[in-house]
Asker: 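First, the structure itself, so that you have it in front of you.
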Amino acid sequence: MTVRLFNTLTATVEDLVPADGRELRIYACGPTVYDYCHIGNFRTFLQMDVLRRFLRQQGYRLRHVMNVTDVDDKIIRNAAEAGLAIGAYTAKYEKAFFEDMEALGCERPEVVARATENIPEMIALVDRLAEKGLAYRTGDGSWYFRIAGFPGYGKLSKKDFTGLNDGARVDVDEYDKDSARDFALWKAAKPGEHFWDLNLGPGRPGWHIECSAMAMKYLGESIDLHAGGEDLMFPHHENEIAQSESASGKILSRHWMHVRFLLVEGRKMSKSEGNFFTLRDLLLKGHKASAIRFLLISVPYGHPLNFKQDGLIESANAVERLRTFAQRLRGGGFAEGRDAALEDLAQRTQESFREALANDLNTAEARAAIFEMARTANSAADAGSLRAGNVPAMLEALRQFDEIFCVLEDRDAEITRRALEWGQAEGRLDRAALQLQEELSLDEHRIEALVAEREQARRSRNFARSDEIRSHLAAKGILIEDTRDGVRWRRR
RNA sequence: GGCGCGGUACCCAAGUGGUAAGGGAGAGGUCUGCAAAACCUCCAUGCGUCGGUUCGAUCCCGACCCGCGCCUCCA
């Protein structure tokens, strides 16, 4: 099925098709590894994950490149403060980033490109621009891009730069630029700073050039899709377009996708507002990784997502409902035969799911289809009309759902344990986290033993003892359910 | 000031020119030793306000109110 996505460049929904008819070439802006990533960052990466998973499910072949920005002003500053080489400083955060991505169930893109490993390519690109008269050097040895030399500037963000914009907010530090809007391609090194000295003079790359150079290196001069958070639209992506298209004479990307912001309680997340959460913060508060993933992908990428911690509880409950349903189907015990209406439902669910995602990645509608199937199927199972022959198609619908949403398998306790280990090593465990650690320290054998003892008590109709065990476990976050097919336990 | 987005039930949140998906929470019920799970019923004559177009608008147009984002580093 052809996937349709809103294209920022044309402001319309368009088919996503590989230009070469074979492999879709995607470049997505990745993290700057100067700190732990926050959930706003992860909303974007998670939405990209949904996109790539769905594209592959629909038969697309992908070459998805994500950059890791491992040199910039903050990194240089923080590394110097920590007395570390920048590589040593960024290694820690890059590692944490991929651990977090793994915890959230994000697939690794086909190519992960580090800025510091592609400096020669960036320099070559600046050279090309200089040859065309679009890059110039200022008194301090920095290189800038001449925006006046690129007529299309502003076409992505729909900004008009033809007027007299200079002067509105002039950057006083950069007085010798030709125009206040001109942006840095190469920043001259200040004393004591890390620098590369090839043929542009000692310095380091400007932010935008890395993406232009790496997209070109790994995907070619013209790609199918370029994506990132909405804040990157301007100036970052606009500047990439200016650099790449000036150098190559070709369109950088035919399609542009921007993930809208995640807001916290209706406001933009920022450290100064105190509404700033990293993934690790949330895990240590006891939120499940699956709930975080489910919440962050449940609102379609084209809408802002209003994040609240209560939403995570709700999402955890919603995920649990689907897990319970899947378990029920797998548990079997249904009468032979096949109900035609339910067979039809399973097919329709698969179609609705696929169609919702193909329509500009409408994850909200896609998940609604699955919940509808779960409700009807549960109801039928209660009534006895769900037959063994209906199970495979329903499990297939769930499989297709989980290939994208990736929340049914329960890895939550393990992921939280890892976060707790990290928190302990970093001295970041507060009372709530210690309580959580205590709960998770109860191992499965011990739980199973207590559950068995409770079963024994129940059989001899010693309900006092049975309830005592149940409430003892409940206090440790373990919920026990007696079902027709025996006992089942799970963590709150 | 410029550009843009959004205001849908208690909360989160899709969506459509023909009368409001889904999830969570809540209330009542079925089942259960009791719970839990699951299911059933209830929970917006209503989709920011006011006009307009239309046989008909939450969805189109206009004005207004409110909230937010970008325009500077930022997913």
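Letters A, B, ... are given to chains in the order of the sequence lines, protein chains preceding strands, and every chain is numbered from 1.
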Asker: Distance check, C1' atoms only: B:rC12 and B:rG7, in whole angstrom units.
Answerer: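 Nearest-Å result for B:rC12 against B:rG7 at atom C1': 15 Å.
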
Asker: Over 60° means perpendicular and under 30° means parallel, so tell me whether A:His237 and A:His226 are parallel, tilted or perpendicular.
Answerer: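 The rings of A:His237 and A:His226 stand perpendicular, inter-plane angle above 60°.
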
Asker: Within the 4.5 Å heavy-atom criterion, are A:Leu329 and A:Leu386 side-chain neighbours or not?
Answerer: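 Touching, per the 4.5 Å side-chain cut-off.
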
Asker: Does A:Arg260 make a side-chain N or O approach to OP1 or OP2 of B:rC5 shorter than 4.0 Å?
Answerer: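 No, no such contact exists.
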
Asker: For the residue pair A:His258 and A:Trp256, does the interplanar ring angle fall in the parallel (under 30°), tilted (30 to 60°) or perpendicular (over 60°) class?
Answerer: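 Parallel.
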
Asker: Compare the aromatic ring of A:Phe463 with the six-membered base ring of B:rG33 and state whether they stack according to the 5.5 Å and 30° rule.
Answerer: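 So yes, this residue stacks on that base, both cut-offs being met.
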
Asker: I'd like the P distance from B:rG28 over to B:rC65, given in whole Å.
Answerer: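 These two P atoms come out 45 Å apart once rounded.
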
Asker: Exactly one of A:Thr116, A:Asp72, A:Asp73 should register a side-chain hydrogen bond (donor to acceptor under 3.5 Å, both in side chains) with A:Arg204. Which one does?
Answerer: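 Of the listed residues A:Thr116, A:Asp72, A:Asp73, the side-chain hydrogen bond (donor to acceptor under 3.5 Å, both in side chains) partner of A:Arg204 is A:Asp73.
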
Asker: Any N or O donor-acceptor pair linking the side chain of A:Asp382 to the base of B:rC31 at under 3.5 Å?
Answerer: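 It does not, because no donor-acceptor pair links the side chain of A:Asp382 to the base of B:rC31 below 3.5 Å.
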
Asker: Look at all strands and tell whether A:Pro300 reaches a base, only sugar-phosphate, or nothing, counting heavy atoms closer than 4.0 Å.
Answerer: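 It contacts sugar-phosphate atoms only.
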
Asker: Is there a residue in residues 351-370 of chain A whose heavy atoms reach under 4.0 Å of RNA chain B, and which residues are they?
Answerer: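 Here the set is A:Asn362, A:Ala364, A:Glu365, A:Arg367, A:Ala368.
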
Asker: What is the base-pairing partner of B:rG18, counting Watson-Crick and G-U wobble geometry with both distances under 3.5 Å?
Answerer: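 Partner of B:rG18: B:rC55.
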
Asker: Starting at the 5' end of RNA chain B and moving along, which residue's nearest nucleotide shows up first, A:Ser466 or A:Gly266?
Answerer: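 Result of the comparison: A:Ser466.
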
Asker: As a test of reading the structure: which of B:rA38, B:rA75, B:rC71 is closest to the side chain of A:Thr32, going by heavy atoms?
Answerer: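 The answer is B:rA75, which lies nearest to the side chain.
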
Asker: Is there a Watson-Crick or G-U wobble partner for B:rG62 with both distances under 3.5 Å, and if so, which one is it?
Answerer: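 Partner of B:rG62: B:rC50.
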
Asker: Please report the distance separating the C1' of B:rC55 from the corresponding atom of B:rA37, rounded so that it comes out in whole Å.
Answerer: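 To the nearest whole Å, 50 Å.
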
Asker: Which nucleotide, in any strand shown, forms a Watson-Crick or G-U wobble pair with B:rC10, with both distances under 3.5 Å?
Answerer: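 B:rG24 - that is the nucleotide pairing with B:rC10, both distances being under 3.5 Å.
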
Asker: Given the P atoms of B:rU19 and B:rU32, what is the spacing between them in whole Å?
Answerer: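 After rounding to an integer number of Å, I get 41 Å for this pair.
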
Asker: Less than 3.5 Å apart, any donor N or O on the side chain of A:His208 or A:Gln243 sitting next to an acceptor on the other?
Answerer: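 Result is no, nothing qualifies.
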
Asker: Would you say A:Lys268 places a side-chain N or O within less than 4.0 Å of OP1 or OP2 belonging to B:rC68?
Answerer: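 It does not, given that no N or O in the side chain of A:Lys268 lies less than 4.0 Å from OP1 or OP2 of B:rC68.
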
Asker: If every non-hydrogen atom of A:Gly228 is compared with every non-hydrogen atom of A:Thr44, which pair is closest and at what distance?
Answerer: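 Here A:Gly228 and A:Thr44 meet closest at C-CG2, 4.0 Å.
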
Asker: Heavy atoms only, 4.0 Å cut-off, all strands: where does A:Asp482 land among base, sugar-phosphate and nothing?
Answerer: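 Since a base atom lies under 4.0 Å of A:Asp482, the category is base.
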
Asker: For A:Asn306 and B:rC5, what is the distance between atoms CG and P respectively, to the nearest whole Å?
Answerer: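 Taking atom P of B:rC5 as the reference, CG of A:Asn306 is at 19 Å.
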
Asker: How is A:Val299 classified with respect to the nucleic acid when contacts are heavy atoms under 4.0 Å: base, sugar-phosphate, or nothing?
Answerer: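 The answer is sugar-phosphate, as A:Val299 gets under 4.0 Å only of primed atoms, P, OP1 or OP2.
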
Asker: Would you measure the distance from the C1' atom in B:rC60 across to the matching atom in B:rU54 and give it in whole Å?
Answerer: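 Rounded to whole Å, the distance is 10 Å.
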
Asker: More 5' along RNA chain B: A:His236 or A:Lys158, using each one's nearest nucleotide?
Answerer: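 Looking at the nearest nucleotide for each, A:Lys158 comes out on the 5' side.
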
Asker: Regarding A:Arg108 and the six-membered ring of A:Phe98, is the cationic atom NZ or CZ under 6.0 Å from the ring centre and inside 45° of its axis?
Answerer: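 Yes, A:Arg108 sits over the ring of A:Phe98.
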
Asker: What class does the angle between the rings of A:Phe401 and A:Phe353 fall in, given that below 30° is parallel, 30 to 60° is tilted and above 60° is perpendicular?
Answerer: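 Correct class here is perpendicular.
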
Asker: Ignoring backbone atoms, establish whether A:Asn378 has a side-chain N or O less than 4.0 Å from OP1 or OP2 of B:rA38.
Answerer: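 It does not, given that no N or O in the side chain of A:Asn378 lies less than 4.0 Å from OP1 or OP2 of B:rA38.
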
Asker: Could you check which of B:rG24, B:rG2, B:rA75 has an atom nearest any side-chain atom of A:Lys159?
Answerer: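 Selected nucleotide (nearest to the side chain): B:rG2.
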
Asker: Distance check, C1' atoms only: B:rA35 and B:rC66, in whole angstrom units.
Answerer: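 Taking atom C1' in both B:rA35 and B:rC66, they lie 46 Å apart.
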
Asker: Taking only the C1' atom of each, what is the distance from B:rG1 to B:rU58 in whole angstrom?
Answerer: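 Straight-line distance between the two C1' atoms is 33 Å.
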
Asker: When the P atoms of B:rC11 and B:rG48 are considered, how many whole Å apart are they?
Answerer: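 The same atom, P, in both gives a distance of 14 Å.
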
Asker: Report the base-pairing partner of B:rA38 (Watson-Crick or G-U wobble, both distances below 3.5 angstrom), or none.
Answerer: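 Pairing partner: B:rU30.
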
Asker: When all nucleic acid strands are considered with a 4.0 Å heavy-atom cut-off, which category describes A:Leu479: base, sugar-phosphate, or nothing?
Answerer: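 No contact.
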
Asker: Is there a donor-acceptor pair closer than 3.5 Å between any side-chain N or O of A:Asn306 and the backbone N or O of A:Gly266?
Answerer: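 Present.
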
Asker: Do A:Arg470 side-chain and B:rA35 base share a donor-acceptor contact under 3.5 Å?
Answerer: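 Yes, a donor-acceptor pair under 3.5 Å.
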
Asker: Choosing from B:rG23, B:rA13, B:rG33, which nucleotide comes nearest the side chain of A:Arg454?
Answerer: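 Per side-chain heavy atoms of A:Arg454, the pick is B:rG33.
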
Asker: Within the structure shown, what part of the strands sits under 4.0 Å from A:Asp310 by heavy-atom distance: base, sugar-phosphate, or nothing?
Answerer: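 Counting heavy atoms under 4.0 Å across all strands, no contact is made by A:Asp310.
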
Asker: Would you give the length of the straight line joining atom CG of A:Leu232 to atom OG1 of A:Thr8, rounded to the nearest 0.5 angstrom?
Answerer: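 Between atom CG of A:Leu232 and atom OG1 of A:Thr8 there are 11.0 Å.
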
Asker: If you check the A:Asn317 side chain, which of B:rG69, B:rA25, B:rA37 turns out closest?
Answerer: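 When the side chain of A:Asn317 is considered, B:rA25 is the closest of B:rG69, B:rA25, B:rA37.
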
Asker: Going by modelled atom types, is there a donor-acceptor pair between the base of B:rG33 and the side chain of A:Arg458 at under 3.5 Å?
Answerer: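 Yes.
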
Asker: Can you figure out which of B:rG69, B:rC40, B:rC11 approaches the side chain of A:Ser379 most closely?
Answerer: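 From the listed options, B:rC40 comes nearest.
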
Asker: Please classify the nucleic acid contact of A:Phe261 as base, sugar-phosphate, or nothing, using heavy-atom distances under 4.0 Å.
Answerer: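 It contacts base atoms.
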
Asker: Using a distance-only criterion (donor-acceptor N/O pair, under 3.5 Å, no hydrogens), is the base of B:rG22 paired with the side chain of A:Glu372?
Answerer: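 There is none.
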
Asker: What does B:rC68 pair with, Watson-Crick or G-U, if both distances are under 3.5 Å?
Answerer: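 Its partner is B:rG4.
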
